[in-house]
Amino acid sequence: MKIACNGKENGMVTDDKRVRIISGHYGSGKTEFAVNYAALLARQSDRKIAFADMDIVNVYFRSREVRDKIMAMGIRMIDSSIGAGADVPAIPAESYAPFEDKSYEYIIDLGGNDVGTIVLGRYRQWIDLDETDFFMVVNIFRPDTNSVEKILAAKESLEVASGLKVTGFINNSNLVRETTAADVLEGESMLAQVSQICQVPIRYTTYVEEIVTDMTEEKKEQLSGEVIPLTYFMREVWM
Amino acid sequence: MAKVIMKGNEAIAKAAILAGCRYFMGYPITPQNEVPEYFSRELPLVGGTFVQAESEVAAINMVYGAGAAGARAMTSSSSPGIALKQEGIGYCVKGEIPCVVVSMMRGGPGLGTIQPSQSDYLQATRGGSNGDYHIPVLAPGSVQEAVDFVKESFEIAECYRTPVMVLCDGLIGQMMEPVELDHEPTKREKVDLSTWALGHSPKGKTNTIINLDIDAPNCERENFRFFEEKYPAIEKNEVRWEEFMMEDAEYAFVSYGTTARIIKNAVKALRAEGMKIGLVRPQTLWPFPQKPFENKKIKKWIVGEMNMGQMVPDVQLACGKKEDVLFYGRTGGMIPTPEEYIDFAKKELGGAK
């Protein structure tokens, strides 16, 4: 049995809580998901949207690199006050604003692992649990999250470091351009077990439709949560 | 073994451990920090030793020590850090210490930027240390190749008793790709440790490693031995390259690492427009492949690098026609696009045919 999310088995991105924090293991695909999610929300919601790149771990492939594309979606972009190319963990004061200004939908793209969530400590008093979703992106082909036990351990370390409880999983299991439907389903199968154990739903499943060409309607029905087709924002055509 | 998704830096460290590397000494610098981070976590689990050295200079000299004792040892860094290691690399050459140095290039000169570059081609292939020497330099073009080349590097290092450099641009370290970790390297004959390594001396003999060769005639003799025996053997046995769409090519790009990936897309696009163009991708930068440049059908060679044209002289020497070699590159941490190479080829070669 699938675990329902926010009272619904399948919902739209507009059904998520006002503040969405995108977390996950290092290299799970958080940023690619976060930017795609923002694009979808911008299309479906009439409300103002802010997007914060709070990645203080990575030095390449951060959402601030596609700042212009995010702003072109009509989204308020908040990122390092020092500039895109630096490895200085600087987060601007502006990051507070969408916590307080509730007219905003707020998407926060964190760095990987427990260390990536540490940045949230500064905002803890502004984080209202009733209006916050804390999503964990999982790719079961990453060596550190390739079993039920490892995913549960990674979830716990994120929760301990952030002081938040994961409210939904994102099945982002992929082998980049070599991904097949079987790979996505393998992720589904493993995350479904995790979901049963910890009673946290799989909120979204993601894959690039042009790559996973063998995904049939029948196979798609086996996937949990809403399926979000991905477009590569962070990965160039030659990568 | 099933494929896994790994970041280049993690995969490099994992490959080294799989190759039997049990000693890593290094100093953190972006964009290769995941290498020491991975070793620090994983080496103790397999009985190895990770040392975060007090400096780059200390790190390479600790590698000298571990290598002198016959252990598989490695260090890694990025451009300014590799600059600091040069003295130690020269000492490893003179002491004939097998070891692997991974260089994850960023924009320079000086501290420069943390974004990817290839501007240490000359530093790697011409050496920043003193004296007459070469070291093998392998240039992977994907995370998979980085894994495979790290394993090969330990084999090469022990076969010829030399430091080996794996030269990557920062993107190879930061990119995530599916990899298979169980590719076996080509086994090469290893110089018997009892003949040279410290702590492996046979009874009645004491192995020594001496860097100060105060007797000039002997110092010269040793240099002659390197240049008459060791280096020709490496040039003969270890040179590698890939040819992409070269069968009927009239023009060719020459590129390595991430830039070669970008150029492959440009080649495909130009081919679709009817231009007979291909790519020669050196996988070893020293020894530099000569054979692909014997191709007399090629009218123009376009060198593509993330630097100001450091490989150009090697291509000119290899093809023998200075005027036939063109160059387009970006530098200082900027990454060229396939479109830039498409436009350059069209402009310089007179449009698609």
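Chain letters run A, B, ... following the sequence lines, proteins first and then strands; every chain starts at 1. Note that the structure is predicted; figures quoted are calculated from it, not measured.
- When heavy atoms are compared at a cutoff of 4.5 Å, B:Leu171 approaches chain A by way of both its backbone and its side chain.
- Counting heavy-atom pairs closer than 4.5 Å to chain B, the top-ranked of the candidates A:Asn58, A:Val176, A:Leu175 is A:Leu175.
- Contact tally against chain A (heavy-atom pairs below 4.5 Å) for B:Ile262, B:Thr30, B:Asn265: the top residue is B:Ile262.
- For chain A, the option among B:Ala266, B:Gly170, B:Gly173, B:Pro338 with the highest count of heavy-atom pairs below 4.5 Å is B:Gly170.
- For A:Glu178, the salt bridge (Lys or Arg N to Asp or Glu O under 4.0 Å) partners two or more places apart in sequence, or in a different chain, are B:Lys3.
- Neither the backbone nor the side chain of A:Arg177 comes within less than 4.5 Å of any heavy atom in chain B.
- Salt-bridge annotation for B:Arg330 and B:Glu340: present, with a side-chain N of the basic residue lying under 4.0 Å from a carboxylate O of the acidic one.
- Listed in order of number, the residues of residues 252-261 of chain B that approach chain A to under 4.5 Å between heavy atoms are B:Thr258, B:Arg261.
- In terms of the salt bridge (Lys or Arg N to Asp or Glu O under 4.0 Å) criterion, B:Arg22 has no residue partners (sequence neighbours excluded).
- For the residue pair A:Thr117/A:Asp114, the side-chain donor-acceptor check at 3.5 Å is not satisfied.
- Taking the six-membered ring for Trp and thresholds of 30 and 60 degrees, A:Tyr204 and A:Phe33 have ring planes inclined between 30 and 60 degrees apart.
- Judged by the 6.0 Å and 45° rule, B:Arg41 forms a cation-pi pair with B:Tyr38.
- Every residue meeting the salt bridge (Lys or Arg N to Asp or Glu O under 4.0 Å) condition with B:Lys264, not counting sequence neighbours, appears here in chain and number order: B:Glu242.
- A donor-acceptor contact under 3.5 angstrom links the side chains of A:Asp133 and A:Thr167, judged on distance only.
- Both the backbone and the side chain of A:Asn174 come within contact range of chain B, each with at least one heavy atom under 4.5 Å from a heavy atom of that chain.
- At distances below 3.5 Å, at least one donor-acceptor pair connects side-chain atoms of A:Ser162 with backbone N or O atoms of A:Leu158.
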